Each structure stands twice: as structure tokens, then as C-alpha cells.
Amino acid sequence: MRPVPSISLVVPAYNESKNLPHVVPGMVSALRALSDRVEVVLVDDGSRDNTVEVIDALSRQHPEVVGVKLSRNFGKEAAITAGLHEARGEVVAIMDADGQHPVSLLDKMLTLWREGNDVVYAVRTTRDDQSRFQAFLTKGFYRLINSGSRLTIPENAGDFRLMGRQVVDALNALPERHRFMKGLYAWVGFTSTAIDYQPQDRIEGKSRFGYAGAMSLAATGLIAFSSKPLRTLGVLGILMSMLAFAFGMWTVLEHFIYGTKVPGYATIVVCMAFFSGIQLIGLGVMAEYISRIYDESKGRPLFLVHRRMGTGLPRPEDSQPDTRA
């Protein structure tokens, strides 16, 4: 059994000023029951409400709370990455700020980590908070991205997890800008185990992660961890070429057998429109890959920190002796 570690809890927040005062005290209490060296890292992802003021007040009220204000809205994946870079604990957990992740599971997660697991991730048992169409799309996405892949991204597993310092350092070392965290968790590997959980109701407000956000994240994950779209285009091109060749042969035979004198105008127009559409789809898919290559080549930072609040666990610079004369 591993000894009791120091614990960091990363919580990305975007317009969560009404939820944070309710969830953060419970998080602090739950962590205090697990270790005497804890911190809660609240990352404000460019919120448009007074989330940063709430985080500042919580950091003054609880010495375990650390606030990180990003310079603008970079997205949840970047906010999680910023929190992982800020976290100083020997183990790091990630939870949402809306109260849907039960803090009671942190005890079980830490126990499984102390028993030798490097990663403990929570898998939701139901998707009652989503429509059937959303659940269908989610299942189809995981089947698509996992088919024929060397790594398996667990279905229904999100960001709610606990990881050892070695795993966190491995994630922080990955330089890519278009981050699909669920894929990166699987890519770094390490010994992992899953636990089931049922999401709780949001304390305040409604989720702003709709179809557009889900489709964008799915596209990022699919392009970052699979070349299947490009391969599918290649297979589709071969099939279309075979069909075009077969149609050409039929046209020649029809001319000599039935004596057709005037080819069908409608057939030509439909075929041209169809193949033009296939070509445009292919160009669009390749453009997605190329645009991400272009973004990665620019080397811009994934996030920028505007302000830091609170104390939390000691920073590395805090433990360095003062050598100034």
C-alpha cells in the first residue's frame, strides 16, 4: 500500500460563479479527510460572469484553494491542461465545477491508487441527461475512433479521474495544441482501473456543451487519434473508380447491343455532381488535417495565465533557499 500522498484537485470553470460557492467547500472537506496536504486548483477559463471574483474570495477563505485566471477563453481541454501544470500534488484529480461529479468517490479513487493503480477513472453508468440522439452519436463516435486503433479510449469515461504524478508529468510533456484529453489519457498508458458512477444534477444553470461543441470535440479527437477519415476517402475513391469503369463498359456495350445513339443528359449531370461532391468532401477532410498541422507548426502556447490567486501546496520556488547576497 502506497503512503498517503499530497493531493491536488483540478477544477476548470467557465461561467460557474453560482456553482463554485456550493461545490468548493465540499471538495475541500473531502480532501482534508484524505490527506493533510491538499489543494484545489480552480481554473477560470475566461469567464464572462464574476467567476474570477468568486474564486478570489474562495482562495481567501480557504488556504487550500488556488485560483488561476487565464487571459481569455481557451476551452475546457486547455483549462484542464493549465490546471495540471499548476497542480503540485503527488496525485492529481480532475472534477467539473457544476457539482455533477460526486466528491464521495475521491476516497475510493485514492484507495485504488494506493493499491498500485496509476490512473483511476470514473465511467458513467447512464446517459439519462442526454437525448437518445446524443447517446447514439456518442456510442458511434467511440466505436469509430476505437476500431482498428492500437489504443482504446474507454466509452462513457470523461475527465473525472485521479492520476499519479508520473502520469501528470507525462501529460504535461505532450506538446500538441489541439488536445483531446480523453485520447491523451489513453495514449500515455500506465496501469488504469475504472469505477462506475451516476452523474448528479447540476446545482445551478444548464450545460452549454451542445451539439456544436460535441461535434467539434469529436472532430478533434478523430483527427488527432485516427487516420481513418483519410483511408476511408482512399477506399471510397477506389470504389467510385470501379463504378465509373463499370458504367463506362455498360455504355459501350449498350451502344453496340441496343444501338443507343444519344447518351443520357441527366445521367451525365448526376454523375458529375456526385463525383464533384465526393472530391469536395475529400478536400474538406484533408483541409482539417492540414489546418491542424499548420496550427501545431506555429508553436503558440496552449494557454496564457493572467493571474494567480491563493496559496495551496508549496510551489517549487518556495522550497528553494535564498542565495542572494
Side-chain angles (χ1 to χ4, degrees), residues 6-16 20 27 39-47 51-52 55 65-98 101 118-122 151 153-154 157-190 192 208-209 213-214 216-225 291-293 295-310 312-313 315-316:
S6 57
I7 308 173
S8 296
L9 178 59
V10 174
V11 184
Y14 178 67
N15 294 341
E16 298 287 358
L20 288 176
M27 292 175 177
E39 67 177 359
V40 178
V41 181
L42 304 178
V43 182
D44 174 44
D45 187 25
S47 299
T51 295
V52 66
I55 292 176
V65 173
V66 176
V68 178
K69 173 179 169 53
L70 302 185
S71 61
R72 63 171 177 84
N73 178 249
F74 288 91
K76 184 180 180 182
E77 311 294 292
I80 291 176
T81 303
L84 293 179
H85 279 273
E86 181 67 26
R88 297 292 180 265
E90 296 170 90
V91 300
V92 180
I94 304 174
M95 295 180 66
D96 286 348
D98 54 14
H101 294 162
D118 297 307
V119 180
V120 183
Y121 60 91
L151 59 88
I153 301 176
D159 298 310
F160 186 20
R161 61 188 59 225
L162 182 142
M163 303 171 289
R165 170 49 56 182
Q166 188 177 10
V167 182
V168 175
D169 290 342
L171 289 170
N172 289 339
L174 299 178
E176 58 195 85
R177 270 69 184 170
H178 290 276
R179 299 175 80 86
F180 179 63
M181 295 304 298
K182 298 177 183 63
L184 296 181
Y185 300 141
W187 187 89
V188 297
F190 296 96
S192 303
R208 290 170 292 275
F209 192 68
S216 176
L217 184 61
T220 298
L222 191 60
I223 292 174
F225 288 92
S291 67
R292 281 162 171 75
I293 294 173
D295 286 341
E296 295 291 340
S297 67
K298 288 185 288 189
R300 293 174 181 170
L302 181 63
F303 59 86
L304 294 174
V305 176
H306 176 256
R307 178 185 174 194
R308 184 181 177 277
M309 298 155 277
L313 292 173
R315 310 293 106 182

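In what follows, every heavy atom counts, from backbone to side chain, and hydrogens, waters and symmetry copies are set aside. Keep in mind the model is a prediction, meaning the values are calculated, not measured. Counting from 1, the numbers follow the sequence of the chain as shown.
- Considering all non-hydrogen atoms of both residues, Ser192 and Gly189 come closest at OG-O, 4.0 Å.
- How far CG of Asn172 is from OG1 of Thr81: 7.5 Å, rounded to the nearest 0.5 Å.
- Of all heavy-atom pairs between Pro12 and Met95, the closest is CD-O, 3.4 Å.
- Scanning all heavy atoms of the two residues, the minimum distance from Ile55 to Gly67 falls at CG2-CA, 3.5 Å.
- Between Leu84 and Val168, the shortest heavy-atom contact is O-CG1, 3.9 Å.
- Taking CE of Met27 as the reference point, atom NE2 of His101 lies at 9.0 Å (rounded to 0.5 Å).
- Within the model, atoms OG1 of Thr51 and CD of Glu16 stand 7.0 Å from one another, a figure rounded to the nearest 0.5 Å.
- Side-chain atoms of Val43 and Glu86, non-hydrogen and from C-beta on, never get closer than 4.5 Å to each other.
- Atom CG of Leu70 is separated from atom CZ of Arg307 by 13.0 Å, given to the nearest 0.5 angstrom.
- Asp45 places no side-chain N or O within 3.5 Å of a backbone atom of Asn73 that could act as its donor or acceptor partner.
- Within the 4.5 Å cutoff, no side-chain heavy atoms of Val188 are placed close to those of Val119.
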- Kindly indicate, with the supporting measurements, whether the criterion side chain to side chain contact (heavy atoms under 4.5 Å, CB included) is fulfilled by Asp159 and Tyr185. CA-CA 9 Å; Asp159 298 310; Tyr185 300 141; 3.3 Å; yes
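- Looking only at distances, a side-chain donor or acceptor of Ser8 sits under 3.5 Å from a matching main-chain atom of Arg88.
- Val167 is not listed as a side-chain neighbour of Arg161, based on a closest heavy-atom distance of 4.5 Å or more.
- How far CE of Met163 is from CG of Asp169: 10.5 Å, rounded to the nearest 0.5 Å.
- Scanning all heavy atoms of the two residues, the minimum distance from Gly46 to Tyr14 falls at O-CE1, 3.5 Å.
- The two residues Ile80 and Met181 have their closest heavy-atom pair at CG2-CE, 4.2 Å.
- How far NZ of Lys69 is from CZ of Arg72: 12.5 Å, rounded to the nearest 0.5 Å.
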